[in-house]
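Only one structure is covered here, and it is reproduced in the block below.
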Amino acid sequence: MTDDSQTRRPTTQDEWLELGQSSQLSNYRPAPFVLTKGSGVYVEDIAGERYLDLTGGVAVLSVGHAHPVLARAIGEQAQRLIHVSNLFYNDRAIELGDALTERTSFDRVFFSNSGTEANEAMLKLGRRYHHERGDTQRTEFLTTEGSFHGRTLGSLSVTGQAKYHKGMEPLIPGVHRVPFGDLAAMKAAASERTAAIIVEPVQGEGGVRVPPDGYLQGLRALADSCGALLLFDEVQTCHGRTGRFLAQEHWGVTPDACSLAKGIGGGFPLGAMLCTEKVAGGLPYGSHASTFGGNPLACAAGLAVLKIMDEENLVGTAACTGAFLKNELTRLAELPAVGEARGLGLLQGLALADDVDPAATLSQLRDKRVLLTLAGGHVLRFVPPLNVSEEELSEGLRAVAEVLQNPPLKINP
Ligand SMILES: *Cc1c(COP(=O)(O)O)cnc(C)c1O
């Protein structure tokens with residue numbers, strides 16, 4: 001059997017691609033090469049080509065590829081204890097839960113394996129909290145247009161982008177969607193049926209959108225006055241991404257619960273929902289669970305990420321490098337191919353002009369060995385590792401400038 005699988009192992013990159021295309025579901029459209037290793041902000045494909053990776057695994061690689069401290073922590077923990085289930089406490093989960101509540105305004109933690117699962121826990125808390133208090137009318141959610149909360153059916157239902165809903169209906173009922181940043185619209189939508197308001201402090205997938213000042217504070221006041229919970233989805237903005245540990249700190253607003261994922265495990269699958277003591281009773285004994293969630297291996301990765309972030313001062317670094325990046329992108333925004341530059345910290349976007357072909361732009365950047373991803377369909381999204389250097393960013397920005405000086409245009413604009 002070993003011999004058989006070895007003879008089936010592809011040799012050239014084209015053979016690898018062919019095997020990937022024929023064996024994997026076609027719900028993705030990956031770039032036409034096969035990655036096999038990485039270091040810091042660089043990755044290498046199976047043919048030995050090296051790329052500058054400014055996608056950061058879609059805002060996941062907080063400490064870069066193959067960080068030795070993270071790799072060692074995962075290796076050591078794997079030799080000690082990988083999984084015990086939620087039937088037992090494990091030391092790593094206790095340590096990580098304590099570290100997260102220590103660094104934030106929250107008191108309690110629930111561990112998941114992904115962002116959408118952290119949001120499912122948060123949505124269930126949002127409903128069950130009222131039920132526990134005898135209010136069975138409060139079952140509805142208020143969400144924003146352009147939001148992204150994940151692909152499982154609950155998170156999908158509160159995701160404010162119709163393209164992700166296509167063919168997946170019926171979604172969960174009682175979700176009302178209003179424009180992001182519009183406090184008056186949110187006020188008008190709130191009622192005695194509202195269980196919770198869910199919002200990303202900075203919209204990521206929807207196109208990198210920073211809310212107007214006062215918006216998140218206004219949502220806090222609104223939730224308090226109407227008796228609903230305020231839930232923040234910080235899956236993309238957590239762990240220093242915006243130059244603060246959590247993005248909410250920029251505005252000094254503490255929601256009742258908050259979801260974290262992407263950067264938390266540095267690439268190891270891990271998510272978390274944090275909540276305050278006040279609402280912690282919303283998920284009582286038996287009301288929610290995850291088999292893998294909080295396993296010692298994932299939590300060891302989460303602890304190593306926090307240790308690296310502290311040792312390398314990555315939150316502060318992300319704020320500085322983010323300011324540098326924002327400045328450079330603002331200059332690029334003067335090109336006719338660009339609409340505007342926007343973002344916070346190392347979550348930055350460059351909105352392309354209407355006539356520019358976003359997919360072809362990414363492809364031309366790949367030809368220059370620079371990897372970027374899109375948000376909102378037409379926004380070049382920069383979410384590199386938090387320890388990226390200004391030199392590495394400049395290398396990528398030179399390629400972006402070259403491509404956008406003579407950009408690929410849409411065939412039928
Ligand atoms: C990526 C993302 C999710 C979904 O996370 P998964 O780990 O893919 O389930 C949810 N919310 C936000 C804001 C995200 O950026």
Side-chain angles (χ1 to χ4, degrees), residues 25 27-28 30 55-62 110-126 141 143-161 163-165 168 171 175 177 180-181 196-211 216 219 230-242 244 246-248 250 255 257-274 290 292-295 298 301-302 305 343-349 373-377 379 381-384 386:
L25 203 62
N27 60 320
Y28 300 123
T55 70
V58 193
V60 163
L61 298 158
S62 37
F110 167 82
F111 289 113
S112 68
N113 313 288
S114 66
T116 199
E117 287 175 67
N119 284 336
E120 291 291 335
M122 199 160 67
L123 293 169
K124 288 176 76 176
L125 172 83
F141 295 105
T143 182
T144 57
E145 280 167 18
S147 63
F148 183 81
H149 298 296
R151 303 288 202 145
T152 53
L153 275 170
S155 300
L156 182 68
S157 299
V158 293
T159 288
Q161 299 188 64
K163 66 177 177 186
Y164 296 125
H165 295 164
M168 303 299 185
L171 300 171
V175 176
R177 201 199 302 175
F180 181 69
I197 299 169
I198 180 167
V199 69
E200 297 152 86
V202 177
Q203 283 193 344
E205 306 293 323
V208 187
R209 290 177 197 282
V210 183
L216 298 175
L219 291 183
L230 182 63
L231 312 176
F232 279 179
D233 177 347
E234 292 233 28
V235 166
Q236 187 153 169
T237 53
C238 70
H239 272 58
R241 175 58 51 193
T242 69
R244 294 289 187 96
L246 296 179
Q248 59 196 254
H250 288 282
C258 170
S259 55
L260 321 175
K262 292 199 163 84
I264 186 176
F268 201 95
L270 175 62
M273 181 200 62
L274 303 175
S290 165
F292 294 131
N295 74 75
V305 166
L344 201 55
L346 281 175
L347 171 56
Q348 295 289 338
T373 179
L374 296 173
V379 180
R381 176 170 32 167
F382 297 76
V383 276
L386 303 182

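Whatever order the structure lists them in is the order used to number ligands and atoms, beginning at 1.
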Report summary line: Residue set satisfying ring pair (Phe, Tyr, Trp, His ring centres under 6.0 Å) with Phe141, at least two apart, ordered chain then number -> none
Report task. Verify, without hydrogens or angle tests, whether Glu234 (side chain) and His239 (backbone) share a donor-acceptor contact under 3.5 angstrom. Result -> no
**Report entry** Over 12 non-hydrogen atoms of neighbours within 6.0 angstrom of OH in Tyr164
**Finding:** yes
Report task. Mark up the atoms of ligand 1 that fall under 4.0 Å of a heavy atom belonging to Glu200, in ascending order. Result -> 13 (C)
Query - Any donor-acceptor N or O pair under 3.5 Å, side chains Thr116, Thr152 - result: yes
Requested in this report: Heavy-atom distances under 4.0 Å are what count here, so tell me which part of Ala261 touches ligand 1: side chain, backbone, both or neither.
Outcome: neither
Query raised in the report: Checking Thr159 side chain against His149 main chain: does a donor-acceptor pair fall under 3.5 Å?
Result: yes
Query raised in the report: Taking only heavy atoms of Asn119, which atoms of ligand 1 are found under 4.0 Å from at least one of them?
Result: 10 (C), 11 (N)
Query raised in the report: Is any heavy atom of the protein nearer than 4.0 Å to atom 9 (O) of ligand 1?
Result: yes
Query raised in the report: Which atoms of ligand 1 are found less than 4.0 Å from any heavy atom of Gly115?
Result: 5 (O), 6 (P), 7 (O), 9 (O)
Report summary line: Nearest non-hydrogen contact to atom 15 (O) of ligand 1 from the set Glu205, Lys262, Glu117 belongs to Lys262
Requested in this report: Under 4.0 Å from a heavy atom of Thr116: give me the atoms of ligand 1 that qualify, with their elements.
Outcome: 4 (C), 5 (O), 6 (P), 9 (O)
**Report entry** Atoms of ligand 1, numbered as shown, that sit under 4.0 Å from any heavy atom of Asp233
**Finding:** 10 (C), 11 (N), 12 (C), 13 (C)
Requested in this report: State plainly whether the residues Glu205 and Lys163 are in salt-bridge range, i.e. N to O under 4.0 Å.
Outcome: no
Query raised in the report: Arg381 side chain to Leu374 main-chain N or O, any donor-acceptor pair under 3.5 Å?
Result: yes
Query - Atoms in ligand 1 with a heavy atom of Gln236 nearer than 4.0 Å - result: 15 (O)
